Every structure is written in C-alpha cells, then in structure tokens.
**Student:** 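I am attaching a structure below and will ask some questions about it afterwards.
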Amino acid sequence: MRRSEELAEKMIASGKCPIEALVRLAEKAEMDGDISQAINAWKSTLPYLYPRPKSVEFAPEDLVELTRSLSEVRAQEQHANEHSTGYGERLETAIRKISLAQ
C-alpha cells in the first residue's frame, strides 16, 4: 500500500496523473466520434470517482419477515381495490344523481 502511495505521489509531482490522462483520452475520443473508445476511457475513471457499493447481508429471518410484510400490504391493496369504485363508476353515479335531481 505504501509503495502505491509513493508511486502516486511521484507521478502527480511530475505532472502525470493517470486519471487526468484518461479524461483527456475520453474527451478526445468523443471529439473524434470514437464512442466505443470514449466509453472505455470514461468507464476506466469510474473506480477512482465512485467506489463500488458494498454488499449488504441480511439474516434469513429478516428476509422472511420482509416477504410476509410485503404480502400483507399487497393483499390489503388488492382488497381495497376490489371494494372501491373506480373513477368511471363514480362518474356514472354522479350523472345518475344529477339526472334524478332534474
């Protein structure tokens, strides 16, 4: 690790930065219309700018509980949808009430 840091410091001190070089290459490739080369150069800069997301572990019982909760919510939504009137039905009811009132 120390060796890598020393190398990086030497390169930057001498005005050579690999990330900046990759950015220049990507920009040049874009100007030249070489989209494939530009994509590859830009992708090469990503690890320096955005670290990879760390994996998250869940206990199996937490996943089971989450699945149960989601199932309950879906069942409640389905039940509510089955017993509610849609916009079209409410509109027809309103029209009938207006017709009866006249």
Side-chain angles (χ1 to χ4, degrees):
M1 186 68 158
R2 178 150 171 81
R3 214 170 140 185
S4 296
E5 291 173 4
E6 289 173 5
L7 178 60
E9 287 174 13
K10 284 181 185 178
M11 290 180 74
I12 291 170
S14 68
K16 297 177 182 173
C17 178
I19 300 168
E20 291 174 1
L22 285 169
V23 169
R24 284 194 305 273
L25 289 170
E27 290 172 340
K28 182 175 181 336
E30 282 182 4
M31 286 190 293
D32 294 345
D34 189 349
I35 300 304
S36 177
Q37 185 68 28
I39 289 170
N40 288 333
W42 285 121
K43 281 183 2 182
S44 297
T45 66
L46 291 177
Y48 299 101
L49 302 172
Y50 305 104
R52 287 190 182 264
K54 295 180 180 175
S55 63
V56 178
E57 293 185 21
F58 291 98
E61 55 273 7
D62 292 341
L63 291 175
V64 169
E65 183 59 34
L66 178 61
T67 302
R68 279 192 193 121
S69 297
L70 288 172
S71 295
E72 289 172 8
V73 169
R74 286 184 181 137
Q76 290 169 358
E77 286 178 352
Q78 184 177 7
H79 180 73
N81 287 338
E82 289 173 356
H83 295 290
S84 70
T85 57
Y87 175 76
E89 293 174 41
R90 291 192 306 257
L91 181 61
E92 288 177 19
T93 302
I95 291 171
R96 270 184 284 185
K97 285 182 182 178
I98 291 171
S99 297
L100 293 175
Q102 291 176 357

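Since this is a predicted model, take the numbers as computed values, not measurements.
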**Student:** Hey, what do you get for NZ (K10) to CD1 (I12), rounding to the nearest 0.5 Å?
**Tutor:** 13.5 Å

**Student:** How long is the gap from CD1 on I19 to OG on S44, to the nearest 0.5 Å?
**Tutor:** 11.0 Å

**Student:** Could you tell me the separation between the CZ atom of R74 and the OG atom of S69, rounded to the nearest 0.5 Å?
**Tutor:** 11.0 Å

**Student:** By side-chain contact (heavy atoms from CB on, under 4.5 Å), which residues pair with A13, not counting sequence neighbours?
**Tutor:**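 Residues passing side-chain contact (heavy atoms from CB on, under 4.5 Å) with A13: none at all.
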
**Student:** Could you work out, with side-chain contact (heavy atoms from CB on, under 4.5 Å) as the rule, every residue matching R52, not counting sequence neighbours?
**Tutor:** none

**Student:** What's the shortest heavy-atom distance between A26 and A38, and which atoms?
**Tutor:** O-CB, 3.8 Å

**Student:** Is there side-chain contact between C17 and M11, with at least one heavy-atom pair below 4.5 Å?
**Tutor:** no

**Student:** Any chance you could measure W42, atom CH2, to E27, atom CD, to the nearest 0.5 Å?
**Tutor:** 5.0 Å

**Student:** From D32 CG over to E30 CD, what is the distance, rounded to the nearest 0.5 angstrom?
**Tutor:** 10.5 Å

**Student:** In Å and rounded to the nearest 0.5 Å, what is the OG1 to CG distance from T45 to N40?
**Tutor:**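 So the OG1 of T45 and the CG of N40 are separated by 11.5 Å.
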
